[in-house]
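Presented below is the structure to which this report refers.
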Amino acid sequence: MSEASEGQVDTVMVEQRLFEPSEDFSRQARIKSMEDYQQLYDRAASDPEAFWAEQAREHLHWFTPFTQTLQWDNPLAKWFIGGTTNACYNCVDAHVAAGRGDQLAILWEGEPGDQRQLTYRQLQEEVSRFAGALKQLGTQPGDVVSIYMPMTPELAIAMLACARIGAVHSVIFAGFSAEAIADRNNDAGAKIQLTSDGLHRRGKVLPLKETVDQALAKSPTVEKCVVLRRVGNDAPMQSGRDHWWHELVDSVEADCPAEPMDSEAPLFILYTSGSTGKPKGIRHTTAGYNLYAKRTFQWVFDHRPDDVYWCTADCGWITGHSYIVYGPLAAGATVLMYEGAPNHPAEDRFWEIVEKYRVTILYTAPTAIRAFIKWGDEHVDGHDLSSLRLLGSVGEGINPEAWMWYHTKIGGGRCPIVDTWWQTETGGIMMSPLPGAIATKPGSCTKPLPGIRPRIVGEDGQNVPQGRGGMLCIDHPWPGMLRGIWGDEQRYQEQYWSKVPGMYLTGDNARQDSDGYYWIMGRIDDVINVSGHRLSTIEVESALVSHPAVAEAAVVGKPDEIKGQAIAAFVTLRTDPNEELRQGLKLHVRQEIGALAQPDDIRFTAALPKTRSGKIMRRLLRDIASGKEQTGDTSTLEDFSVLAKLRDDEE
Ligand code: 7RM
């Protein structure tokens, strides 16, 4: 391989299918055609500051107008300087003030089947009350509130109540260990802890408060703890420190107005897994983040007032922050929240919910879609999914075969699919089809959103030729971008802004096809180097998943004396494993994408190691494939037994 390809990635995938939006969909869409999209994109590109200033004036409520749009002192960005706004006001009060108080804000279904609904007016009252309760406990603007709660309306209410009084929330997914909570609390210097007595998961009650008590024993900065009654067990309460949610809100006035907050006041911290094990608190601020979440929600989901929108993520992830809370609520949407597992009481729970609430927009993750495929079509059949008009995907690349299943089986062939590429750090969606305008290709996130300028570069920082893979960067600040890493500004600079000078490094590889469509190729660190050819994980995995017997696949490189690296594939099946299938799969990949990409090893496994948000952890598989000790951080692993099982198989 020549020197010139340093840092570049080879592509072996050919995907020719193209799906135009239906005329019907386009006619009613906000952005109706490729020309509309191009016009909007070009307007934003020609003068991003003027574009975002106009968006901000029109789409946020300002207590004090901003005087400067952007201050860019690379890599430090400030947006909408001098202005004051409030994210909770934009998400709640603005709608009540505009006469939409009776519109449904939250529809909620608990795992046991209990239901609640809140209009925007009711949401305002609940948020106000809880904001008052937080104040009564001594919460000040800038204080960090740690939230470890189940997917109940109160989780969203808690986040919004923090925003209302200028407290900074740090939501921790309610599946993390006491150790993980304490690490995050200590890193953030959290002052208040919010939790519940427990949660319902797959028919069981998990006692959250006990876990929190263990965490608080090691979280010296936390002074108070508020406990929501969800399951009605005897949660241990420590007098002086712990308070019941319902008792607190009963004791305060419902009137706690939204505090005018500086545009750049921190809104939240959200921890993501770093490879070193030290928690990495991504810091987002008020105005730019809120604007970006709102506008991207409206563009990508083509939202209309009568939509019932369901994002299946947990509020513990950025997807829940941006596309359950801050985006949809700022847009005045009706948001469905579900507390539990997709397979409780049975594998058709999602489809039962879609049918029951007449969901029109469904936003979920490839890991869920692959699970549905594996569970079998019979769980979908028999449910009326005709209310759906738009489908979304997020979190990982969606393999073309999974895309096709989603399109035909769930979407009935009539719903566009928006494959949304973005990160915790970007605050909102960066690349995605606009469903009324951009024809889709299975596996491609298609085009950048207005105001976003992606670049694909090699090691030398220069653009790679069209069609080649390289490092995906963003070359201009945008309002939703992270403002830093909590307490570690140096790491922010080093990790995101050093490798390619002047540009934000996403850490993903991507390529652009001859139509200018973007294809994400996986993490830079996961590239496999076979005889000097640098291959993308996603492409080989997609070739495997296109075999009818395969449910899910993860490929990694392992050391090979001759080729540098050989390809090891970990595969979960829809059928029973046998030796013939192993050979068949190798041949299948060879036929689909070529001899170079043919796996040397295929291991059948019942499950793949994943993060708690459902992403395959290839890093761990790499160690297993090469017979190494596990060295990196495993605290974000969802299920340790999966790893143990894979190791045992090895012996
Ligand atoms: C929203 C979220 C970010 C990483 C990102 C990618 C991967 C996310 C897609 C995707 C291919 C997609 N935030 N990723 N979406 N890869 N296609 N549509 O997931 O911070 O948790 O993860 O996830 O590698 O860098 S995150």
Side-chain angles (χ1 to χ4, degrees), residues 9 13 15 171 173 268-275 279-284 289 292-293 296-297 300 311-324 326-327 363-370 391-400 402-403 406 417-433 440-449 454 469 471-474 480-482 485 495-496 504-511 517-527 536-539 541-542 545 554 610-619 636 638:
V9 188
M13 186 163 143
E15 175 57 66
V171 183
F173 175 65
F268 65 84
I269 315 169
L270 185 57
Y271 284 91
T272 68
S273 53
S275 46
K280 183 167 83 176
I282 302 299
R283 187 161 60 82
H284 281 287
Y289 169 80
Y292 196 70
T296 53
F297 172 77
V300 171
C311 167
T312 69
D314 191 283
C315 286
W317 316 121
I318 190 69
T319 305
H321 282 61
S322 301
Y323 299 110
I324 294 177
Y326 292 107
Y363 190 29
T364 193
T367 181
I369 297 167
R370 293 185 303 249
L391 303 173
S393 173
V394 61
E396 290 180 292
I398 176 166
N399 315 107
W403 194 104
Y406 197 29
I417 296 179
V418 289
D419 175 359
T420 63
W421 176 84
W422 59 294
Q423 307 178 300
T424 302
E425 292 86 342
T426 68
I429 298 167
M430 302 291 276
M431 293 204 260
S432 167
T440 52
K441 300 183 186 185
S444 168
C445 59
T446 75
K447 300 272 181 175
L449 294 191
M471 296 182 287
L472 177 64
C473 298
I474 311 291
M481 67 188 260
L482 76 165
I485 295 174
Q495 184 156 358
Y496 301 107
Y504 169 77
L505 181 77
T506 68
D508 285 348
N509 281 319
R511 72 183 161 92
Y517 277 45
Y518 287 85
W519 297 77
I520 303 297
M521 301 176 88
R523 301 293 297 167
I524 293 173
D525 297 342
D526 290 340
V527 167
S536 123
T537 49
I538 291 187
E539 293 190 343
E541 288 160 6
S542 290
V545 173
K610 296 192 181 171
T611 64
R612 288 177 173 86
S613 65
K615 294 188 209 292
I616 297 171
M617 293 179 83
R618 293 179 188 76
R619 175 167 58 80
T636 54
E638 198 242 343

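For this chain, numbers begin at 1 and follow the sequence in order. Read the numbers this way: they start at 1 and go in the same order the structure lists the ligands and their atoms.
Between the Y518 side chain and the S432 main chain, no donor and acceptor come within less than 3.5 Å of each other. H321 places no side-chain N or O within 3.5 Å of a backbone atom of G316 that could act as its donor or acceptor partner. For S322 (side chain) and G428 (main-chain N/O), no donor-acceptor pair under 3.5 Å exists by modelled atom type.
A distance of 6.0 Å or more separates the ring centres of Y292 and W422.
Considering only non-hydrogen protein atoms, atom 3 (C) of ligand 1 sits nearest to W422 O, 3.5 Å. Looking only at heavy atoms of the protein, atom 11 (C) of ligand 1 is closest to G397 N, 3.1 Å. Closest protein heavy atom to atom 7 (C) of ligand 1: G395 O, 3.3 Å. Summary of contacts: the protein heavy atom closest to atom 22 (O) of ligand 1 is K615 NZ, 3.1 Å.
Note: no N/O pair closer than 3.5 Å links S393 and ligand 1 by distance alone.
For the ligand labelled ligand 1, residue T420 lies inside the 4.0 Å heavy-atom shell.
When each atom of ligand 1 is checked for a heavy atom of T319 under 4.0 Å away, the hits are 1 (C). For ligand 1, the atoms closer than 4.0 angstrom to any heavy atom of V394 are 1 (C).
Using a cut-off of 4.0 Å between Lys/Arg side-chain N and Asp/Glu carboxylate O, R511 and E539 are scored as salt-bridged.
Between L482 and the options H284, R283, Q423, a side-chain contact (heavy atoms from CB on, under 4.5 Å) holds for only H284.
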Inset, instruction - Begin from the C-alpha positions of E396 and K610 and carry the test salt bridge (charged side-chain N to carboxylate O under 4.0 Å, His left out) through to its verdict. - result: CA-CA 11 Å; E396 290 180 292; K610 296 192 181 171; 5.8 Å; no
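Of the candidates V418, I282, D508, I318, D508 brings a heavy atom nearest to atom 24 (O) of ligand 1.
Looking at T424 against ligand 1, both its backbone and its side chain come within 4.0 Å, counting heavy atoms. Residue contacts with ligand 1, taken as heavy atom pairs separated by less than 4.0 Å, involve E396 solely via the backbone atoms N, CA, C and O.
Atom CD1 of I429 sits about 11.5 Å away from atom CH2 of W421, to the nearest 0.5 Å.
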